[in-house]
Each structure stands twice: as C-alpha cells, then as structure tokens.
Amino acid sequence: MKRILQFLLIPVSLTLLLAWNWNPSKGNMTLDQLYTYKADSIIALMTLDEKIGQLNLPASGDFTTGLASSSNIAEKIKAGSVGGLFNIKTAEKIRVVQKIAMEESRLKIPMIFGMDVIHGYETLFPIPIGISSIWDMELVEKSARIAAIEASADGINWTFSPMTDISRDPRWGRVSEGSGEDPYLGAQIAKAMVKGYQGDDLSLNNTIMACVKHFALYGAPEGGRDYNTVDMSRIRMYNEYFLPYQAAVDAGVGSVMTSFNEVEGIPASANRWLMTDVLRNQWGFDGFVVTDYTAINEMIDHGIGDLQKVSELSLKAGVDMDMVGEGFLITLKKSLEEGKITEKQIDDACRRILIAKYKLGLFDDPYRYADPERAKKEVFTAQNRKVAREIAAQSFVLLKNNNILPIQKKGTIALIGPLADNKENMAGTWSVAGRFEEAISLTEGLKKAVGGKANIIYAKGANVVADSLLESRVSIFGKPTYRDNRPAEVLIQEALDAAKDADVIVAALGESAEMTGEASSMSNIELPENQRDLLKALLKTGKPVVMVLFTGRPLALTWEEENVPTILNVWFAGSEAGDAIADVLFGDVNPSGKLSATFPQNVGQVPIYYNHKNTGRPLPEGQWFQKFRSNYLDVSNDPLYPFGFGLSYTNFKYGELKLSGNSLKGNQTLKASITLTNSGKYDGKEVVQLYIRDLVGSVTRPVKELKGFRKVLLKAGETKTISFDITPEDLKFYNSDLDFVWEPGEFEIMIGGNSRDVKVSKVDWKE
Ligand code: BGC
C-alpha cells in the first residue's frame, strides 16, 4: 500500500519537490540537519529498489581495474539503480550521463562522479611518495587544490584520495601511493590533501569530495604481497597506523574507502568494529563509506559467505556504497525480505549518500562540475604545469653527491638509460586522467635547459629489465617501455659509444612507472641486474656518473651507494618531470626532499623503520653485531638511508639543542630550539625534524617518534634559530586500555636533519 501511495504521489510532487533545491522553513537548522531533513524527504518518496540503487557505484567502463566490469549502465541509471559512476573522463561525457539520470530516471536524483585523481588530474604531480618527500604542507595542499580545480572543471566531484596507508614494506607496490612509514607525517599530509581537495566549501564548483583510503591497514600485508592478510595488535593499529586516517576524518573528509584486506580475521568491508565502532563512534565520521573495487564480492573468496551473506555483513558493518560488485543491488532486497537486514539500515546508507550529494551542491545544479568551457580554460594550463614543475623539483631526494652535482650547462652530457627518453613513464602509477604523451621526458628537459650551450647525446643502454615477460607486466596502462630486443651487450656498447666524448654521464635508471602501484609487489627490490651491468660499464669509463633514480618504492641500493658517486632520487615526478629534473641537475633548484620511508640495505631487513621499539636486547649504539642481541649475522641493523634523510648542494650545521627547561610540570610548554647554519655555497632549504622518545612507559615506546618539522630556507652563510613548542599533547599515546594518554617521566628531545643524525637533550616531565 505504502509503495502504491508513493507512486501516486510522485508525479504531482515531482516538479516542485524534486527540483531538490526546495527549502523547508526550518530556520534554526544547521546545514547538516537541513541536508538530513531533505534527504529523508527524498527517502520517503523512494522505492526500495531506488534506495538500493543509490548504494550502487559502477565503473564507467572507460577505465577499469580488477576483474569485473559493469554493463548496461545507461539502463541501470534510467531504472534508478546507480548512485554514481567513476573513472569516466571529460565534462561532455559526464553531462551526457548526468542527463540520463536527470531526465530519464523517475526521481531525477543527480549522480556523483568519482575518479582516482591521486596525484593530479591532467597536470600530474609527483606520485604520493614523492609528494610526501617535500615536507612542505602548503605545497602538498596546493597540489591537491590544483588537482581539484582541474578535475572539477572536467566533471569530477569526488576523488579516491588521499591514500593514507602507512607502509613499512617496500616490496608492497602501493608504497608509491602513500606517504611512507610515519604516522605523524602521514597525518599532516592527509590533512593538507583533504583541505586541498575540499577547500572550505564543498558546494563550490571547484572543490571536490575527498575519500580517505584504504581503511584500514592496507599497507601492512604479509610479505608485502598486495591484498594479502594483515594481522596486527590493536595497540599497534592505534599508535602506528590509524593516525593518518583519523586526521583525514578530523579534517572533514567526506568519504572513506574500505580496504581489501582482513583485519582481525574479518575483511575490512564486513568489519563492523572498523566501520562503525572506530570510524563513526570513536572518530565521529559522518560521511559515507564506499568499498574498494569489488571488495564485497571478494569476501566470498576470503571465505566468509556467499554474495548475499557478504553483502548483508557489509551493510551491517556500516558500508554505504558498493563499488562495482553489485552485491548490494543483487541481494539486499532478498535479505530484507528474509529479515536479515532492516530497511532502516538501507535508509541510513542511502541518506548518507544523498547528504553527500547535497553537500556537493548537486541537487542545486547537477551539472555544476561539468562545464566544457571551464574545462578548456582550467585543465592542463601553463600555470598549473609551472606549479607542477616547482613542486616536482621539491620532491627529489639527493641520496649521495661526491661534488658532481650540480652540473654545468656546457660541454657534452651523455644521457643514458631506459628511463631517459620516455615520456609516458614520467606520470608514475595511478594517473588515470594524465596526458602521458605530453609529459616532459628527461631528454627533452635537459635539451631545453641547455638551449644549445651543451651537447646532449642519448642512448638507451639497457631495457628496464632483462626478462621480457616481466617487462610486459610493467609496461601497461598506456606507459610503454619500448623494449629493445637487441642483445644486452649491444645496448651497453651503444651507450659507451655515446659516452665516449662526454664530460659527464647522466644515467637515468630504476623502475618503470608500473613496477609500483596496485598488484605490483616485488620480492627483489634491487636495481635490475641488466641496469646494474650498464651502470658498471659506465662507471668503468672513469667519467663522473650521476645516477638519476626513478622509483616508486625504497630500493636496496647498497651496491650503488658504494660505487656510484652521485645519486638523485626523482621518484616519478609527473607531467613536468624532465624540466624539474633539469632544474635540479643544473642547480637552478637546490634539492631539499627528505625520505618519508627508510631505504633498507637489503630486502631481508624489511620491515625496517625508524620508529621501532628498543626490544629487551638492543644492539649497543655504534656496533653492528653482538651475539644474543637483536640483530642479523650478515647485515647491520642500520638502514641504507634513514627516514628523513636527504642531502642538499649546500651544507647545514646544527648547533646545540637548547631546552627552555629540563624539569616541567603538567600542562607547561617546553620550547626546544636549535641554531641552523647554512655553511655551504648555495642557498638551500632544510627540513628540521623534531623527535621525542618516551623513556619509560606503561607499554613499550618507540626509540623515537617524529613530532614536528619545519622546512626553512637559508641563504648561504645564514644562521637561523628554529624552535618547537612541545606540550603534553605531543607526548600522548594509546596505552594498553587504548586510552590516549601521556605519562609523566623522562623524555629525550631530539632535533636534526634526519631521523639518525640528531642532537639530544633530556627532560623530566612531572604530572
Ligand atoms: C584500488 C583503489 C581505487 C579503486 C577505484 C581499486 O583497485 O584499490 O585504490 O580507488 O580501484 O579505481
């Protein structure tokens, strides 16, 4: 009866009520209450199928991942069975699709359009691990702001970013998509990204809704193998992995994506503790939760039920939207009929999605974000590309420099390597909207920079990897590696010929873009052997060699550190990569990036991270092996390059660490200051890092934890005093009851230019 009434009511009320910008005279309502009220008014008019339809998120078919692909989308939109669509590109196309919803579906509810705008839209910025090496939150936010402006101009109003999965395992291919190993740095970046995407007003046509992912713990799969099991204590989750997700929630992120992995034996997409207890009840998240791609269906393979069962579990856990798999669409009605779920659970999910659409202003104007004229003017602009170039140069990390860099714009430069003359791979992984062919390759960048003042000779010298099968797996998604099938020796000889008259050799080596990213885990994280052979041959010439390292993960570069005089890590820097690298190679920009993840000596040390526990048998400082101590027989405990590490063309000298007091009480503030001198010849930026160690706790505490940082510019010869204010807030951690507390006692305060080289002072902090 209720249904029939609804149908009778709708045609009359449609034009008035469902113009959707109807405002009830509810003067004292907050915006959230108003949107809830409006969403509920719509829900009252919806059929069960239409409500379930809002929970369905198919992929556009333009770009799909995973195994499933949605079909008959237009028909489903007309039937009211689609809440949104993702990875469909261009304002024109999105208008066409939105028009179907607005003109041919019964309730004319606008759709939300999502996309993986991960590190830029068409103007691509460095991959996230590169962005996280910048340590300048204004620039991080700016990259997200530009991404939002471009994406929104082209019809997108929702991005599946930021990815804030902490990872301590470089075998995992998706380290490239995150902000590294540290929860504090990750949290700052999460906040900056959410702010950049969402701005202060989500309803503006140039802000888009962010989606923090992958909740939770996706970055900790066993063995670094993608999608693999995660098993972790809650205390570790709270202290070491949750902070960045929570920071995104605190910053007002509009949506959250579940992860593929299990947590405590229950896949995240069915994990009520995660999606409801932690996310909504403890953190106060009030947006909507979307699954990752077919994550509901994958719970069949996880072994927790058939499609109906896993869909039921997912809805009950607190998931609102089903990405691609259509488990909700196919089974929820049946589950309701069988009394396994309630209509209220469906209404709750539907309401959250409708509210998101209100927040985005889609009910006011469903085409707000899809303006082909705006797209023409605001996407891939010269100005955006200029900013991308500046940001890219800030993300590079100088790992070693034996006085070779910067090089001069004169003489002959041999540019050698499989990544030297490749535009498409500059984009890096997860760059769905990018214009790969228009990216600036290193060859182009160098040639432009020298402008005829130097001679640039190029030779490929080696393929990305010797194994053609492996190469075919990592030469995908529009990022070819242009395999050269001639024998390796011939390629090397060609490179040596090219380098014969060179004054300096620039060797562009490393990974191809798709050697990291989703489902790109590696068990060997060294430079591919054929590339190392090339490097050996180049080094043998006795000429200065600069290794320009392309990578999406920390690599084990022990051999290179020992043998190559200069290494500049450039990650995958995006559309302006070649220009930005040239800026740094020639010294127009002084490198200032710092690692957000530890580089191990070898893969056997993994997981290796700076904020580890002391253990009961720590190795005494300065030693590398002692029997019955926590260490390896065959390698020291030291990383190759520690967290926070990165060199500059200039030198920074740290003075003594000064504390405003050594004995504090309660809520007092401690000021920690240090003088920093640029003692070299170049102006340069340094990231001054503050670490704290809680010496005695009710639970064991890490040997140090990042608690603050500042990126400062110092002119050559200049000295500055850098200070940090520390309060008990900075001393807090989750204890064994999972209460967030600080405990009085002794603390070490440390300041330095990386996590290893720090000045230390002690403080006694009483209750
Ligand atoms: C990835 C997500 C991504 C989604 C949509 C999945 O395979 O894990 O990070 O947002 O696809 O493209």
Side-chain angles (χ1 to χ4, degrees), residues 56-70 73 83-89 112-121 127-129 144 147 151 156-167 172-179 190 193-194 197 208-221 224-228 230 244-245 248 253-263 267-269 288-299 301-302 319-326 428-434 476-478 514 516-521 552:
N56 186 30
L57 178 72
S60 73
D62 270 357
F63 176 91
T64 51
T65 64
L67 304 174
S69 92
S70 318
I73 290 169
L85 213 56
F86 73 101
N87 287 351
I88 173 168
K89 193 178 172 204
I112 188 171
F113 288 92
M115 186 182 269
D116 289 280
V117 181
I118 306 297
H119 51 107
Y121 185 68
I127 55 172
I129 195 167
I156 301 301
N157 41 48
W158 181 31
T159 176
F160 303 138
S161 170
M163 174 176 127
T164 61
D165 304 313
I166 294 296
S167 186
W172 189 52
R174 300 193 84 169
V175 282
S176 55
E177 288 178 64
S179 298
M193 298 288 288
V194 171
Y197 290 132
I208 61 179
M209 187 169 279
C211 181
V212 64
K213 69 186 187 186
H214 306 82
F215 192 59
L217 315 179
Y218 183 40
R225 207 183 71 207
D226 210 357
Y227 318 127
N228 204 6
V230 174
Y245 306 114
V253 72
S255 61
V256 171
M257 187 186 292
T258 66
S259 58
F260 289 123
N261 54 280
E262 65 175 69
V263 171
S269 303
F288 73 96
V289 174
V290 61
T291 67
D292 201 348
Y293 202 103
T294 61
I296 292 183
N297 313 57
E298 291 170 22
M299 294 194 287
D301 279 328
H302 272 286
V319 167
D320 305 306
M321 200 176 226
D322 173 4
M323 188 192 284
V324 176
E326 302 199 339
T429 191
W430 273 117
S431 38
V432 184
I476 53 172
F477 296 150
E514 294 300 335
T516 46
E518 188 167 351
S520 291
S521 297

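Every value quoted in this text rests on a predicted model; they were computed, and no experiment measured them. Whatever order the structure lists them in is the order used to number ligands and atoms, beginning at 1.
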Inset, instruction - Determine the minimum heavy-atom distance between S521 and G224, stating which atoms define it. - result: OG-O, 2.7 Å
Legend entry - Proximal atoms of ligand 1 relative to D116 (non-hydrogen, under 4.0 Å): 3 (C), 5 (C), 10 (O), 12 (O)
Inset, instruction - Run the numbers on W158 and L57 for side-chain contact (heavy atoms from CB on, under 4.5 Å), then give the verdict. - result: CA-CA 12 Å; W158 181 31; L57 178 72; 3.8 Å; yes
Inset, instruction - May I ask whether M163 places a heavy atom under 4.0 Å from ligand 1? - result: no
Inset, instruction - Looking only at non-hydrogen atoms, find the nearest pair between G84 and P58 and report the distance. - result: O-CD, 3.0 Å
Inset, instruction - Examine Y218 against ligand 1 and note whether any of their N/O atoms are separated by less than 3.5 Å. - result: no
Legend entry - Interfacing atoms of ligand 1 (cut-off 4.0 Å, heavy-atom, H214): 2 (C), 8 (O), 9 (O)
Legend entry - Part of M257 within contact of ligand 1 (heavy atoms, under 4.0 Å): side chain
Legend entry - Atoms in ligand 1 flagged as close to N87, the criterion being non-hydrogen separation under 4.0 Å: 12 (O)
Legend entry - G325 backbone acceptor or donor facing N297 side chain under 3.5 Å: yes
Legend entry - Part of R174 within contact of ligand 1 (heavy atoms, under 4.0 Å): side chain
Legend entry - Straight-line distance of T164 OG1 to H214 NE2, nearest 0.5 Å: 9.5 Å
Inset, instruction - Find all atoms of ligand 1 within a distance of less than 4.0 Å from any non-hydrogen atom belonging to F260, and give their numbers and elements. - result: 7 (O), 8 (O)
Inset, instruction - Using a strict cut-off of 4.0 Å, indicate which atoms of ligand 1 neighbour a heavy atom of D292. - result: 1 (C), 2 (C), 3 (C), 4 (C), 6 (C), 7 (O), 8 (O), 11 (O)
Inset, instruction - Find all atoms of ligand 1 within a distance of less than 4.0 Å from any non-hydrogen atom belonging to F86, and give their numbers and elements. - result: 5 (C), 12 (O)
Inset, instruction - Give the numbers and elements of all ligand 1 atoms closer than 4.0 Å to a heavy atom of Y293. - result: 6 (C), 7 (O), 11 (O)
Legend entry - Y218 and F260 aromatic ring geometry - parallel, tilted or perpendicular at 30°/60° bounds: perpendicular
Inset, instruction - For side-chain hydrogen bond (donor to acceptor under 3.5 Å, both in side chains), just list the numbers for S167 and D165, CA-CA rounded to whole Å, side-chain angles, deciding distance to a tenth of an Å, and then say yes or no. - result: CA-CA 6 Å; S167 186; D165 304 313; over 6 Å; no
Inset, instruction - Return yes or no for this condition: an N or O of K213 is under 3.5 Å from an N or O of ligand 1. - result: yes
Legend entry - Check: T291 side chain, T258 main-chain N or O, donor-acceptor pair, under 3.5 Å: no
